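What follows is a set of notes on a single structure, which appears directly below.
Atoms considered below: every heavy atom in the structure, side chains included; atoms not considered: hydrogens, waters and symmetry mates. The structure presented is a predicted model; accordingly, all values stated were derived computationally and were not measured.
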Amino acid sequence: MAAGRLPASVTLLLLLLAATAVAPLASAVRPVSDAHRSAAAELFAASPDGSFGDVERIYEAVRTFQILGVEKDKSLTGEACKVAAEKLASSSSTAKDLFHAVRISGVLGCGVDSGVYDDVATKLKAVIKDTNSLLELYYSLGGLLSIKEKGHNVVLPDADSTFHAIKALSQSDGRWRYDTNSAESSTFAAAVVKNDIVKLFDTIKSYDDGTFYFDEKHVDATEYKGPITTSASVVRGVTSFAAVASGKLNIPGEKILGLAKAFVPLILSLPSKVFSLTSKDQLKVEVTTVFGSAAPPLRVNLVQVLGSDSKVITTEAKELQFDLDSNVHYLDIAPLKIDVGKYSLVFEISLQEPEHETIYAIGGRNTETIFVTGLIKVDKAEIGISDNDAGSVESVQKIDPQKDASVSLSANHLQKLRLSFQLSTPLGKTFKPHQVFLKLKHESKVEHLFVVPGSARQFKIDFLGLVEKFYYLSGRYDLELAVGDAAMENSFLRALGHLELDLPEAPEKAPKPPAQAVDPFSKFGPKKEISHIFRAPEKRPPKELSFAFTGLTLLPFVGFLIGLMRLGVNLKNFPPLSAPAVFASLFHEGIGAVLLLYVLFWVKLDLFTTLKYLSFLGVFLVFVGHRALSYLSSMSAKQKTA
């Protein structure tokens, strides 16, 4: 095919664009969601020195966000526009920096003055006139094109010279080169590259549906990129070479078409991977494009079910029903005859319309891991005491671990505690839980926890070998049984009853029980009730004596009133003028307030409060009393002179 003229090259260019958008998502299990977009936005973060890298990196980031539909963050957009504006305004910016800065401004819509773009266009035209590098020509012309796309008038003053410069730098007498300083022929090198490209396509891999892809050798897990990224790298290199090389690339058309299908894959995913046999959950499957949009009409078949040990459970293919409203395929899991546990489900997708086979890639078989839960049945649960030597049972009691029990047992250090029960799955198979614990808690709060093997149907505690572990503590022990598993919907922690244990006396050097942890919140709990008896009240005097002393306290006031009457108190000297009359009235009211304050002190106020109020009243009385007495003094002086 002739590079740059046949549809295959156009297809490769489209593949390059698709690869740029899809490559980072190849390892995603689910289609691109808001969570993925949020994670992508977090990648555009400042380095420790506060910078955001070069303008090329920033442009790749904002362009990727635009393709993914990431909502613009004001802070990130502001930082990117700030960097772009600085590069556009700087006189030292290279053609490459200007090229990427203009593209950043175009993607984000940064507010840049038209005069800045005119200056940038002038700089790029100067580079085109003086450069002898194809890369600088590429950046300069690309920058001018971006400025023109923003609505600015950009005209090359000498377009013919520019075209001749590109031709001179790219080929001469059938030879092509990168710059004027390297005039050696590259025809042989171009032929070698063409041959290597053809050989590279001979190693291409394919899925069952005819989708082709490239994959790298899986040497280092940290460097492994996956088939999508590898295929995108190959496409980028081939298109770059085809754009500058003459002649044909003999690549079969079906391989190009199959490679194109790899960049529009359909993704099969499960909204939920945990299913309950009790609730009779349905198996639901979603099929979407890599960006989460709806898939074309298709069929989803469950072709195989594998157990956790890769054992085949069923190979009978079952087609899933499609719910148009929820856009999911569903299947009842009851007919699959699967039990609780972990399973691998193998699906196959088939498109209903033949024309869609050239547009969408369905890949090979899709394997999804699910987890099934259910109610576990507990049978034959017994607890008892047996002798240590012959194992003869002394007492056995049946229990129901699903309910709290009140078993009462007694044993000595020469006997054993026996516990047995059997667990079965909904399909009647023996169930081995992940965790089974038996706890013995002494009345002194000392606890002993025993791990019961999940595969054991009978568990024994030999007290003879555990006397020291029990710290020789005889007395009552509460019994609790805990059984739990991720697949067990009815995991339980139940009280079984109590055990009266008789252990020998502790020797002198026997270990002491550990100190029990003190609850840090216990100090906030209720305190003990304080019992207190108040002393008997002192004997009071008779009422008559109290009334007599009250009368004596009133005698001075009575004497005061009598004195006023004998002195002939009157209001003849009360000031007739309004201003002096106001001060005189306030003075008498202040004296009344002082008397009222004395009464309040007697019945209600304390000494300090009374003194505080009295200090304010005293200042008030001094002021108004001085004004009233000054007026009386002046009137008396006038009368004497008259």
Side-chain angles (χ1 to χ4, degrees), residues 22-33 35-36 205-218 221 224-231 258 261-277 281-292 295-296 298-323 327-352 356-357 360-374 486-487:
V22 176
L25 307 173
S27 61
V29 177
R30 300 274 294 161
V32 176
S33 64
H36 296 119
K205 300 179 181 180
S206 66
Y207 293 114
D208 297 339
D209 63 342
T211 301
F212 287 88
Y213 65 95
F214 289 96
D215 200 4
E216 61 182 352
K217 292 183 179 180
H218 201 154
Y224 180 71
K225 301 299 183 181
I228 293 291
T229 303
T230 305
S231 301
K261 292 170 64 178
F263 293 102
V264 193
L266 296 178
I267 295 181
L268 182 146
S269 58
L270 304 183
S272 175
K273 295 189 176 184
V274 179
F275 302 92
S276 171
L277 295 177
D281 293 340
Q282 287 184 328
L283 172 64
K284 295 182 179 180
V285 174
E286 292 180 349
V287 182
T288 63
T289 65
V290 69
F291 290 107
L298 49 81
R299 296 183 181 88
V300 178
N301 292 312
L302 176 63
V303 297
Q304 196 175 48
V305 179
L306 304 176
S308 57
D309 55 355
S310 299
K311 181 181 179 181
V312 177
I313 305 300
T314 178
T315 57
E316 181 182 356
K318 293 185 179 295
E319 182 178 350
L320 278 69
Q321 302 297 316
F322 181 69
D323 184 1
N327 199 31
V328 298
H329 301 259
Y330 64 91
L331 178 69
D332 292 333
I333 62 175
L336 300 179
K337 300 298 182 183
I338 57 178
D339 214 340
V340 298
K342 189 176 181 180
Y343 295 90
S344 296
L345 306 183
V346 183
F347 298 93
E348 281 187 353
I349 301 175
S350 59
L351 296 167
Q352 296 184 8
H356 290 157
E357 295 180 358
Y360 298 96
I362 57 177
R365 291 187 170 186
N366 297 270
T367 302
E368 296 287 342
T369 301
I370 67 170
F371 199 79
V372 182
T373 65

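For the atom pair CG (N327) and OG1 (T288), the distance works out to 8.5 Å, reported to the nearest 0.5 Å. Atom CG in L302 sits 11.5 Å away from atom CD in E319 (nearest 0.5 Å). The CG atom of L320 sits 4.5 Å away from atom CG of L331, with the distance rounded to the nearest 0.5 Å. To the nearest 0.5 Å, atom CZ of residue R299 and atom CD1 of residue I349 are 13.0 Å apart. Distance check: Q321 CD to H329 NE2 gives 10.5 Å after rounding to the nearest 0.5 Å.
Looking at every heavy atom in both residues, E368 comes nearest to L268 through OE2-O, 3.3 Å. The minimum heavy-atom distance linking H356 with P296 is given by the pair ND1-CB, 3.4 Å. Closest of all the heavy-atom pairs between S231 and F214 is OG-N, 2.9 Å. Summarising the geometry of A487 relative to G341, their closest heavy-atom pair is CB-N, 4.2 Å, with the distance given to 0.1 Å. Of all the heavy atoms in L298 and Q352, the pair that sits closest is O-NE2, 3.3 Å. Looking at every heavy atom in both residues, Y330 comes nearest to Q282 through CD1-NE2, 3.7 Å.
Under the 3.5 Å distance criterion, the side-chain polar atoms of D332 are left unmatched by any main-chain donor or acceptor of A334.
Counted within 6.0 Å of CD on E316, heavy atoms from surrounding residues, nucleotides or ligands total 12 or fewer; the atom is thus considered open. Counting heavy atoms of neighbouring residues, nucleotides and ligands inside a 6.0 Å radius, atom NZ of K318 exceeds 12 of them.
Here the side chains of K273 and T369 are not in contact, with every heavy-atom distance at 4.5 Å or above. Between L345 and V285, every side-chain heavy-atom pair lies at or beyond the 4.5 Å cut-off. The closest side-chain heavy-atom distance from V303 to R365 is below 4.5 Å. Using a 4.5 Å cut-off on side-chain heavy atoms (C-beta onward), I313 and L306 make no contact. Between L266 and T289 there is a side-chain heavy-atom pair separated by less than 4.5 Å. Side-chain atoms of I267 and V287, non-hydrogen and from C-beta on, never get closer than 4.5 Å to each other.
Every side-chain hydrogen bond (donor to acceptor under 3.5 Å, both in side chains) that D323 has, sequence neighbours left out, goes to S326. When the side chain to side chain contact (heavy atoms under 4.5 Å, CB included) test is applied to L277, the partners found at least two apart in sequence or on another chain are I333, D339, V340, V372, P426.
Among residues at least two apart or in separate chains, there is no ring-ring contact (aromatic ring centres under 6.0 Å, His included) pair with a member in residues 298-321.
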